[in-house]
J.: 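Mind looking over this structure? Questions follow.
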Amino acid sequence: MMVTVDGRQLEVPAGTPVGQVAAQLGLRALAGRMGGRLVGLDEPVKEDTSLELLDFCTPAGREVYRHTASHVLAHAVRRLFPGVKLAIGPAIEDGFYYDFEVARPFTPEDLAAIEQEMARIVAEDWPIQRQIMQRDQAIEHFRLADEPYKVELIEDLPEDVAISCYRQGDFLDLCAGPHLPSTGRLGAFKLLTTAGAYWRGDERCPMLQRVYGTAFERAEDLEKHLFNLEEQKRRDHRRLGRELDLYSMHEEGGAGLVFWHPRGALVRQLIEDFWRKVHRERGYDILYSPHIAKVDLWKTSGHWSWYKDSMYSPVKIDEAEYLLKPMNCPFHILIYQTQTRSYRELPLRWAELGTVYRYERSGALHGLLRVRGFTQDDAHLFCRPDQLEDELVGVVDLAEFMMKTFGYHSYDVMLSVRDPERRDKYIGDDRVWEQAEGALLGALRRKNLDYVVGEGEAQFYGPKIDITLKDSLGRGWQGPTIQVDFNLPERFDLGYMGEDGTLHRPVMIHRTVLGSMERFFGGLIEHYAGAFPLWLAPVQAVVIPIAQRHAGYAQEVLAALKGAGIRVEVDLRNEKVGFKIRWHEVQKVPYMLVVGDREMESQSVSVRERGGGDRGRLGVQELAAELLPKAGLPL
RNA sequence: GCUCACAUAGCUCAGUCGGUAGAGCGCGUCCUUGGUAAGGACGAGGUCACCGGUUCAAUCCCGGUUGUGAGCUCCA
C-alpha cells in the first residue's frame with residue numbers, strides 16, 4: 001500500500017497500523033487523519049491513502065488526547081461511585097469534561113480521590129480498543145448496564161451508522177473516537193471544577209454533575225496552563241475594580257446595576273470623550289433620548305413580542321403603559337420621522353450613548369460583563385440602498401480605528417448570512433438580501449479583512465458582521481457588531497423622497513463599536529491588567545515628597561503639571577518613600593515623581609515609571625513636554 | 001431561571017462540635033523626617049447578609065429571601 005505523509009511516500013504492507021507508519025517515519029503521533037477521516041493509531045492501512053499524523057501541537061491531536069482523559073475520568077468515577085450513570089464526555093477548548101448522574105454532587109475531596117484513581121488507571125496502562133456493535137446489540141448492552149443516557153444517544157444516531165465503543169479494561173463507553181492506544185499514554189492531567197449541567201444543555205432535562213479537567217502531554221505545559229488560569233484571576237476586573245476603586249455593585253442597589261466611582265467614571269469619561277470626538281469627525285450627529293417611553297413603540301418595532309421576557313415590566317402613567325427602554329432604535333426612528341427626508345440628506349449617521357435596561361436572568365449576571373443596566377455606544381445609519389456598502393466600509397473603518405486605539409490589535413471577523421435552505425425564516429425579498437450581503441462582503445473585501453461566513457447566523461431582519469476582539473491573554477471578547485436592517489424601516493414605514501419624486505424605503509444600519517460602556521470597561525481592565533495607558537489612567541502621575549520639608553516644593557510641582565494639563569496628585573502622607581512607591585505601584589499609577597533636597601535645588605523631579613526603576617532627574621517643564629503628547633486623547 | 005457552593009470589620013480571611021468573635025491590610029492619633037515595592041506604637045471599627053423556625057441559649061442547626069461565585073454552547 002502506498003501511504004503519503006506530508007508529501008513523503010511510503011510503501012507498507014496492507015493492514016499496517018497508523019502508529020507503525022508513524023514509527024517508521026520517526027514521527028510522534030497521537031492519532032491520524034487518513035483520507036480525511038480521524039483515526040486512532042491502531043487503525044490499519046487498507047488502501048493507498050494520504051495520512052496526516054496528529055501530535056499534541058495540532059487541535060485534533062489535543063482533542064483525541066483529552067477525550068481519552070475524559071474516558072479515564074469516567075472510568076475512575078465508575079470505580080469509585082457504583083451506580084453512577086454516564087452521559088457525555090467530550091474534549092473542549094482547554095481540556096475536557098464528563099457529565100454524570102450521581103446520587104449527590106461531587107465535593108472537592110471527591111475530586112482529589114477521582115484524580116488519584118485516574119492516576120491508578122493510567123499506571124495500569126489499559127489498552128484502549130475500538131469495538132463495533134450492531135445497533136440493537138449496543139442498545140441491549142447499555143440497557144443491561146443501566147446506562148439510560150447512552151441508550152438515548154444510540155437511539156438518536158442515524159439508523160445506518162455503525163455504533164462504535166471503546167474498551168479499556170472493564171470499562172466500555174459509547175464513543176465515536178478515536179482514542180490514544182492505551183491509558184498509560186496520558187501524561188499530566190488535573191481536575192479543575194465541578195458544576196451542574198443539564199442533560200443536552202436543556203433546562204427541562206435533568207441536572208447532571210459535570211467534572212471539568214485539563215490534560216497535557218508534559219507536566220510543564222500543565223503548569224503553564226494553571227499559571228495562566230491564575231493570571232486570569234489576577235486580572236479579574238471584579239477584583240481590580242475594587243482594588244483600584246473604579247466601581248462597585250450593591251446588594252442594596254440591585255443585581256446587575258453598576259455604581260461608577262470617581263476613578264472609574266473618569267476613565268469612562270475619557271473613553272466617551274474620545275468616542276464623541278471620533279464620531280463627530282466621521283460625520284455622525286449625536287443624539288439624546290429618554291429612558292422611558294410608551295410600550296407601543298416596542299410593539300411596532302416587533303421587539304415586544306420577541307424580547308418581552310427580557311424587558312422590565314411596564315409602568316402605568318396616566319392610563320398608558322411605559323417601558324424602561326431596552327434599546328434605542330425606535331427613538332432614533334421617531335427623530336427621523338419628524339421631517340420628510342430627501343435623498344440628498346442621506347446618509348444620516350446618528351449616534352447615542354444610550355442607557356438601556358434589560359432583564360437578564362439572575363444566573364447570567366457577571367461583574368461588568370453581563371449587567372441589567374448599561375450604556376450602549378449605539379448608532380443608526382439611515383441610508384439609500386446604493387450607499388450601503390460605502391457606509392459599511394465607514395463603520396468597519398471606524399471600528400478598526402477605535403479597537404486599535406484601545407490596544408486591541410487582533411480580532412476575528414464573522415459575516416453572518418442567511419441559511420440558504422431556510423429563506424422563509426427571514427423577512428425582506430431576495431434581491432434586497434443579496435444586495436445587503438453583497439454590501440457587507442464588499443466592505444470586508446475593501447477593508448481587506450479575513451472573515452469566516454456564518455451561514456444561518458443572520459438576524460431575521462438582516463445580515464451582520466460580528467467582530468471578536470483578542471485581549472492580551474488571547475481571550476476573545478465580543479466587539480463591534482454591524483447589522484443591516486430592512487425590518488424597522490418597513491414597520492415604521494420610513495421613507496425618503498428620491499430624485500424621481502417618489503418615496504423610497506431607506507436601509508438602516510445598527511452598529512455598536514464598544515458594545516456597552518460597562519462591558520467594554522470590564523474587558524479593558526482585564527486587557528491592561530488595570531495598568532491603563534497614560535491617556536486613560538485616572539491618575540497619570542503622583543508627586544512623592546521624601547520628607548515634610550519637601551511638601552511645599554511638591555505642591556509647586558503639582559500645580560505646574562496640573563497647569564500643563566496632566567492628571568496629577570501629591571502624596572503628602574507621613575510615610576517613607578518605599579511605602580509610597582509600593583502604594584502607587586499597586587494602584588498602577590504610570591508616573592511617580594520623587595522630590596527631595598536634590599530636586600528642590602535643581603527645580604526637577606526624579607522620575608519613576610510604573611513597573612520600572614528610578615529613571616533619574618528631569619526638569620518639570622521637560623517632563624511635561626515628554627508626557628503631554630501621550631497624555632491627551634489619542635487624536 | 002436551574003444545580004451546587006458561599007455570605008463574619010471598608011478589604012482578604014480565620015473562628016465558634018450552639019454559650020453574642022479574631023488576624024493582616026486599610027482607617028485615625030502619636031513617634032519617626034525617612035531617597036525608589038510595606039518604619040514603629042496605640043486606637044476606633046462587627047445586629048457574624050436579611051426574615052422566620054428549633055432551642056434555656058443561634059453567627060453556628062433547619063426553612064425562606066436577597067446577593068455573590070462556578071456551570072448550564074462547544075455534539076456518543
Side-chain angles (χ1 to χ4, degrees), chain A residues 63 67 70-71 74 86-99 104-108 133 138 142 147 149-157 161-166 173-177 192-212 233 236 238-239 242-243 245 248-257 309-310 359-367 544-551 573-587 592-599 606-617:
Chain A
E63 204 176 308
H67 194 176
S70 92
H71 274 219
L86 308 183
I88 58 167
I92 51 173
E93 178 82 23
D94 283 314
F96 60 90
Y97 68 80
Y98 211 109
D99 286 345
R104 61 164 176 85
F106 295 116
T107 65
M133 290 170 118
F142 285 107
E147 292 286 9
Y149 299 106
K150 297 292 175 190
V151 172
E152 195 178 325
L153 289 168
I154 299 168
E155 281 170 344
D156 281 358
L157 289 173
V161 241
I163 308 294
S164 69
C165 291
Y166 280 78
D173 196 3
L174 172 72
C175 182
L192 299 171
T193 53
T194 62
Y198 298 106
W199 168 237
R200 307 202 150 191
D202 187 333
E203 61 193 31
R204 289 163 304 192
C205 294
M207 175 74 69
L208 307 173
Q209 291 303 312
R210 176 172 297 180
V211 177
Y212 280 97
K233 271 192 211 153
D236 193 310
R238 292 166 298 184
R239 177 192 153 119
R242 191 184 316 107
E243 286 174 0
D245 196 15
S248 58
M249 301 178 89
H250 301 268
E251 188 173 342
E252 304 91 316
L257 302 173
D309 288 345
S310 49
Y359 176 78
E360 297 281 354
R361 305 163 108 201
S362 59
L365 301 175
H366 181 90
I544 299 176
I546 285 175
Q548 224 95 77
R549 65 176 179 284
H550 308 121
R573 288 179 301 179
N574 181 11
E575 296 291 350
K576 293 192 174 184
V577 190
F579 177 91
K580 295 183 185 178
I581 296 276
R582 178 185 151 76
W583 182 277
H584 295 105
E585 277 289 349
V586 170
Q587 287 295 309
M592 281 161 263
L593 312 173
V594 178
V595 296
D597 293 333
R598 301 199 284 271
E599 288 76 16
S606 277
V607 179
R608 181 194 167 95
E609 283 180 48
R610 177 174 61 198
D614 191 352
R615 234 185 75 182
R617 266 176 282 165

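To find a chain, count down the sequence lines: A is the first, B the second, and so on, and within it residues start at 1. Heavy atoms only: backbone and side chains are in, while hydrogens, waters and symmetry mates are out.
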J.: Is any side-chain N or O of A:R598 closer than 4.0 Å to OP1 or OP2 of B:U36?
T.: no

J.: Is a salt bridge present between A:D99 and A:R210, judged by a nitrogen-to-oxygen distance below 4.0 Å?
T.: yes

J.: B:G10 P sits how many Å from A:E243 CD, rounded?
T.: 18 Å

J.: Counting Watson-Crick and G-U wobble pairs only, both distances under 3.5 Å, name the nucleotide matched with B:G24, or none.
T.: B:C11

J.: Looking at B:G35, does its base get a donor-acceptor pair with the side chain of A:S606 below 3.5 Å?
T.: yes

J.: B:G35, B:A76, B:G71: which one has an atom nearest the side-chain heavy atoms of A:L157?
T.: B:A76

J.: A:P90 side chain: which of B:U68, B:A76, B:G39 is closest?
T.: B:A76

J.: What does B:C6 pair with, Watson-Crick or G-U, if both distances are under 3.5 Å?
T.: B:G67

J.: Side chain of A:I546, heavy atoms from C-beta onward: which of B:A70, B:A49, B:G35 has the nearest atom to it?
T.: B:G35

J.: Name the closest nucleotide to the A:A195 side chain, picking from B:U36, B:U3, B:G71.
T.: B:G71

J.: Which is true for A:G596 with a 4.0 Å heavy-atom rule: it touches a base, it touches only sugar-phosphate, or it touches nothing?
T.: base

J.: With the side chain of A:A197 defined as its heavy atoms from C-beta on, choose the nearest nucleotide among B:G26, B:U66, B:G71.
T.: B:G71

J.: Could you please name the option among B:G69, B:G35, B:G71 that lies closest to any side-chain atom of A:R210?
T.: B:G71

J.: Would you indicate whether the side-chain heavy atoms of A:R200 and A:E152 approach each other to under 4.5 Å?
T.: yes

J.: Can you tell me the base-pairing partner of B:G52? Count Watson-Crick or G-U wobble geometry only, both distances below 3.5 Å, and say none if there is no partner.
T.: B:C62

J.: From C-beta outward on A:R361, which listed nucleotide comes closest to its side chain: B:G71, B:G1, B:U36?
T.: B:G1

J.: Looking across every strand, which nucleic acid part, if any, lies under 4.0 Å from A:Y149 by heavy atom: base, sugar-phosphate, or nothing?
T.: nothing

J.: Can you confirm whether A:V594 sits close enough to A:D614 that some side-chain heavy atom of one is under 4.5 Å from a side-chain heavy atom of the other?
T.: no

J.: With a 4.0 Å cut-off, would you call A:E609 and A:R615 a salt bridge?
T.: yes

J.: Nearest to the side chain of A:Y198, which nucleotide is it out of B:C72, B:U36, B:A76?
T.: B:C72

J.: Across all strands shown, which nucleotide pairs with B:G1 by Watson-Crick or G-U wobble geometry, both distances under 3.5 Å?
T.: B:C72

J.: May I ask which nucleotide in the shown strands pairs with B:U29, Watson-Crick or G-U wobble, both distances under 3.5 Å?
T.: B:A41

J.: Take atom CD in A:E243; do more than 12 heavy atoms of anything else shown fall under 6.0 Å from it?
T.: yes

J.: Closest approach to the side chain of A:E575, judged atom by atom: which nucleotide of B:U68, B:C27, B:G39 is it?
T.: B:G39

J.: Any donor-acceptor pair under 3.5 Å joining the side chain of A:Q548 to the base of B:G34?
T.: no

J.: As a test of the definition: with a 90° window around 0 for syn, would you call B:G45 syn or anti?
T.: syn

J.: Would you say that A:W583 contacts A:E575 through its side chain, given a criterion of any heavy-atom pair below 4.5 Å between the two side chains?
T.: no

J.: What nucleotide, of B:A76, B:G34, B:A37, holds the atom closest to the side chain of A:L174?
T.: B:A76

J.: Please state how far atom OH in A:Y359 lies from atom C1' in B:G1, giving the value in whole angstrom units.
T.: 7 Å

